[in-house]
Amino acid sequence: MLQIYNTLTKQKAPFTPLVEGRINMYVCGITVYDYCHIGHARVMVCFDVITRYLRSRGWDVNYIRNITDVDDKIIKRASENSESVEQLTERMIDAMHEDEDALAVLRPSQEPKATAHIDEIIALISTLVEKGFAYPASNGDVYYRVEKFAEYGKLTNQNVEELRSGSRVEVEEAKESPLDFVLWKAVKPGEVSWESPWGAGRPGWHIECSAMSKCCLGDTFDIHGGGPDLPFPHHENEIAQSEAANGCTYANYWMHAGPVRVNSEKMSKSLGNFFTIRDVLEKYNPEVVRFFLARVHYRSYIDYSEDSLKEARVMLERFYQALNGVAECEFSSEDAANAGINDFEQRFIDAMDDDFNTPKAISILFEMVNELNKFKKTSNASAAAVAHKIAELGCVLGILQQSPDAFLKGDDKEGELSAGDIEVLIQQRVTAKANKDYAESDRIRDELVAQGIILKDSREGTSWFRGS
RNA sequence: GGCGCGAUGGCAGAGUGGUCAUGCAGCGGACUGCAACUCCGUUAACGCCGGUUCGAUUCCGACUCGCGCCUCCA
């Protein structure tokens, strides 16, 4: 039984879909004015794992993740770069897709862009104005009338009185109340704009998600997800807009990924302490980065550091060392059953059904590794069966899909010994060993270790891998 | 100030009202020329104070400390 923690109710609850077997999920995506950072990567990987798992269990998942391609920051950056808004956003969308591909993040079912849904946005604002939940102001903007929506604050337990007294928002003269937020921004000179009943302008941030989710998934859908800083105000405002306009529940389950920290501080644009995905991929294997993100529960914070990336690397090495050298071997379902596969798989499913408990699921994979290592000495069929299942369950997490050799040996990089160089040195060492010249053979091994190359002697000969 | 979250062995990180998390590191063995890989065995933890209970790391309350949101941010 799938259980999901719901931010709205602050507890885990059994998941019940609106339509049997189908899951409609909307996740807030990226504002494309810069390269994605590792915090974005966390949200991408988190909902990718969730989608992969749900699909592996037979759910028909319709996963929508929007792209915000017009807003203040985009306009500012494009102007700084002396390029058009479209040029900037197209570049950043391409870069985002490259980053995702590297991290083995599957594309969402749809990636709607705000600028492609201006009509729907205007229609939604019109409805809100008609129903009295929004008003055009003297400055040309259209605002949402927060105090008109009785349930405002229900996602994050805010009460309007407290919000008003603690308000840090700059007071805009044209607003009826400082809590009101903008739905439509009047155009300023030189900015991109669209015509509307309230004059030329562009959508505010929150309204695009209400409009696009309605367009792609309808008035009510199953799961709404996003990053750790979105519950307030963004998701609170989405609820206010959509529920006021549509007159029904917006999303049944709210899921939020935890933050990425650097030196115990949140990684964020405003603090400037962020690492882009492409920066990190310069130094680490993409699978290591993905595993670093997937190995902690999705709601917990995660600390970014050299050590934690290295630890992820070491853990993956254990998986690939085990998968390495498993004899290609036919195995029957009986072999698999005897190897205990069914029990492991069920425990993996139980872990993932419990609010996507990836750390627990991974611990079960490690138990399987231990069995595999033992079977490698005793039974080819059992070993093959376990190895096959480890890879299959790994695929659900988006890991362990490379050949062990490819992961362990890595690609030849500039400044590092090539595979060819290494083979030559190994041959020299084999000769030295044959002559019992251990001083020489150890010298060669030390030389390789200094380059990060670890040797492994076995009955079949010497193999090597790039250590961490 | 308002609303939330967290505190687990040397580190990372799950979980549970009373017998194993898991990975790394450590220790003792096996294997090895010596290592590495692997295997066998093993050490070691539940912030503080009360309460409930036969029994609490796990439930309840207070406290201390840390963190997030309340301003654009995943």
Side-chain angles (χ1 to χ4, degrees), chain A residues 7 10 27-31 33-34 36-47 65 71-73 76 153 155-159 161-170 205 225-234 236 256-261 264-271 274 292 295-297 299-303 305 307-308 310-319 321-322 324-325 351 354 357-367 369-370 372-374 376-377 408 433 436-439 441-442 445-446 448-449 453-459 462-465 467-468:
Chain A
T7 308
K10 288 161 205 68
V27 173
C28 290
I30 313 296
T31 301
Y33 73 103
D34 204 344
C36 292
H37 58 63
I38 196 77
H40 295 118
R42 183 170 196 192
V43 176
M44 292 170 174
V45 168
C46 161
F47 287 100
R65 191 188 60 204
D71 95 317
D72 290 345
K73 296 183 294 298
K76 180 161 176 275
L155 179 66
T156 56
N157 266 0
Q158 307 296 325
N159 99 40
E161 289 304 310
E162 291 290 350
L163 283 173
R164 198 189 292 128
S165 63
S167 176
R168 287 166 28 192
V169 182
E170 282 179 49
W205 174 36
D229 34 21
L230 295 184
F232 191 91
H234 183 54
E236 208 69 78
H256 293 95
V260 177
R261 290 188 194 169
S264 302
E265 265 189 330
K266 195 185 85 152
M267 177 188 297
S268 74
K269 298 245 164 129
S270 50
L271 291 170
F274 62 93
F292 155 74
R295 112 191 158 73
V296 174
H297 186 85
R299 283 189 281 116
S300 307
Y301 72 83
I302 190 170
D303 243 309
S305 69
D307 282 351
S308 51
K310 187 177 169 185
E311 188 169 356
R313 162 88 204 177
V314 169
M315 291 169 94
L316 279 177
E317 275 174 16
R318 180 162 168 82
F319 278 119
Q321 290 282 9
N324 201 16
D354 183 12
N357 193 335
T358 52
K360 190 167 191 179
I362 289 165
S363 81
I364 292 157
L365 255 27
F366 275 117
E367 289 182 42
V369 162
N370 190 254
L372 169 57
N373 282 327
K374 283 188 266 192
K376 279 165 84 172
K377 296 173 181 173
L408 294 168
K433 272 179 44 157
K436 296 215 186 302
D437 184 356
Y438 295 122
S441 72
D442 287 353
R445 187 172 63 198
D446 290 347
L448 285 166
V449 166
I453 309 301
I454 313 295
L455 297 187
K456 182 168 145 188
D457 294 335
S458 71
R459 217 166 261 115
T462 299
S463 59
W464 62 275
F465 66 97
S468 34

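Throughout, protein chains are lettered first and strands after them, A, B, ... in sequence-line order, and every chain is numbered starting at 1.
Residue A:Lys266 places at least one side-chain N or O closer than 4.0 Å to OP1 or OP2 of B:C69. Using a 4.0 Å cut-off, no side-chain N or O of A:Lys10 falls inside it from OP1 or OP2 of B:C3. Residue A:Trp464 places no side-chain N or O under 4.0 Å from the OP1 or OP2 atom of B:C37. For B:A14, the OP1/OP2 oxygens have no side-chain nitrogen or oxygen of A:Asn357 closer than 4.0 Å. Residue A:Arg318 places at least one side-chain N or O under 4.0 Å from the OP1 or OP2 atom of B:U38. OP1 or OP2 of B:U38 has not a single side-chain nitrogen or oxygen of A:Asn324 nearer than 4.0 Å. In this structure, A:Ser305 does not reach the B:C11 phosphate: none of its side-chain N or O atoms is under 4.0 Å from OP1 or OP2.
The C1' atoms of B:C11 and B:G68 are separated by 24 Å, rounded to the nearest whole Å. Atom C1' of B:C24 sits at a distance of 34 Å from the matching atom of B:C73, rounded to the whole Å. Between B:C39 and B:A44, the distance separating the two P atoms is 23 Å to the nearest Å. Spacing between B:U64 and B:U53 at atom C1', rounded to whole Å, works out to 26 Å. The separation of B:C72 from B:C63, taken at their C1' atoms, amounts to 37 Å, rounded to a whole angstrom. Rounded to whole Å, the separation between the P atoms of B:G2 and B:A62 comes to 14 Å. Taking the P atom of each, B:U8 and B:U58 are spaced 13 Å apart, rounded to whole Å. Nucleotides B:A30 and B:C49 place their P atoms 45 Å apart, quoted to the nearest Å.
Look at A:Asp442 and A:Arg445 and you find a salt bridge, because one of the NZ, NE, NH1 or NH2 atoms lies within 4.0 Å of a carboxylate O, short of that distance. A:Asp34 has no carboxylate O lying under 4.0 Å from a charged side-chain N of A:Lys269, or vice versa, which leaves the two without a salt bridge.
A donor-acceptor pair under 3.5 Å is formed between the side chain of A:Ser308 and the backbone N or O of A:Asp303. One N or O on the side chain of A:Gln158 and one on the backbone of A:Thr156 form a donor-acceptor pair closer than 3.5 Å. Remark: the backbone N or O of A:Asn324 is paired with a side-chain donor or acceptor of A:Lys376 at under 3.5 angstrom.
When both distances must be under 3.5 Å, the Watson-Crick or G-U wobble mate of B:G68 is B:C3. For B:C49, the paired nucleotide is B:G61, the pair qualifying as Watson-Crick or G-U wobble because both relevant distances are below 3.5 Å. Judged by Watson-Crick or G-U wobble contacts below 3.5 Å, the nucleotide B:U38 has B:A30 as its partner. With a 3.5 Å ceiling on both atom-pair distances, the Watson-Crick or G-U wobble partner of B:C54 is B:G18.
Stacking is found between A:Tyr438 and the pyrimidine-like six-membered ring of the B:G33 base under the 5.5 Å centre-distance and 30° plane-angle cut-offs.
Ranking B:G13, B:G23, B:A12 by closeness to the A:Pro359 side chain, first place goes to B:G13. Residue A:Arg261 has its side chain nearest to B:C67 when only B:C39, B:A74, B:C67 are considered. Considering only the side chain of A:Asn373, B:U38 comes nearest among B:U38, B:A14, B:U22. Of all nucleotides listed (B:G4, B:U38, B:A74), B:U38 comes nearest to the side chain of A:Gln321. Listed nucleotides B:A35, B:C24, B:C73 differ in distance to A:Val314; the shortest reach to its side chain belongs to B:C24. Considering only the side chain of A:Lys360, B:A14 comes nearest among B:A14, B:C72, B:A74. Side-chain proximity of A:Ser268 to the nucleotides B:A74, B:C73, B:G23 is greatest for B:C73. Side-chain atoms of A:Trp205 lie closest to B:C72 of the nucleotides B:A12, B:A74, B:C72. The listed nucleotides are B:A36, B:C73, B:A35; the one nearest the side chain of A:Ile454 is B:A36. Closest to the A:Val43 side chain, of the nucleotides B:A74, B:U22, B:A12, is B:A74.
The CD atom of A:Gln321 lies 9.5 Å from the CZ atom of A:Arg318; values are rounded to the nearest 0.5 Å. A:Glu236 CD to A:Leu163 CG: the interatomic distance, rounded to the nearest 0.5 Å, is 8.5 Å. Remark: A:His256 NE2 to A:Cys28 SG distance equals 7.5 Å, nearest 0.5 Å. A:Leu372 CG to A:Phe319 CZ: the interatomic distance, rounded to the nearest 0.5 Å, is 10.5 Å.
Regarding A:Asp303, its CG atom lies at a distance of 14 Å from the C1' atom of B:A7, rounded to whole Å. As rounded to whole Å, 12 Å separates atom C1' of B:A21 from atom CE of A:Met315. Taking atom NE2 of A:His234 as the reference point, atom P of B:A74 lies 10 Å away to the nearest angstrom. Atoms CG (A:Asp72) and C1' (B:C73) sit 13 Å apart, rounded to a whole Å. A:Leu230 has its CG atom 10 Å from the P atom of B:C70, to the nearest Å. Look at CZ on A:Arg459: it is 10 Å from P on B:G33, rounded to the nearest Å. Counting to the nearest Å, the P atom of B:A21 and the CD1 atom of A:Ile362 are 19 Å from each other. The CG atom of A:Asp307 sits 12 Å away from the P atom of B:C11 (whole-angstrom rounding).
Under the 30°/60° scheme for interplanar angles, the aromatic rings of A:Phe274 and A:His37 are found to be tilted.
Within the 4.0 angstrom heavy-atom criterion, no nucleotide atom of any strand lies near A:Ser308. In this structure, A:Pro231 reaches neither bases nor backbone, as no heavy-atom distance under 4.0 Å exists between it and the strands shown. Contact annotation for A:Met267: base contact, defined as any heavy-atom pair under 4.0 Å involving a base atom. Note on A:Val27: nothing from the nucleic acid sits closer than 4.0 angstrom, heavy atoms only. Contact annotation for A:His256: no contact, since no heavy-atom pair falls under 4.0 Å across all strands. Note on A:Gly258: a base of the nucleic acid sits closer than 4.0 angstrom, heavy atoms only. Contact annotation for A:Lys456: base contact, defined as any heavy-atom pair under 4.0 Å involving a base atom. Counting non-hydrogen atoms under 4.0 angstrom, A:Lys376 reaches nothing in the nucleic acid. Within the 4.0 angstrom heavy-atom criterion, base atoms lie near A:Ser441. Residue A:Phe232 is classed as a sugar-phosphate contact, given heavy-atom separations below 4.0 Å to backbone atoms only.
Between the side chain of A:Arg445 and the base of B:A35, a donor-acceptor pair under 3.5 Å is found. Applying the 3.5 Å distance criterion, the base of B:G33 shares a donor-acceptor pair with the side chain of A:Asp442.
When each of A:Gln158 and A:Asp71 is assigned the nucleotide of RNA chain B with its nearest heavy atom, A:Gln158 is the one assigned upstream, toward the 5' end.
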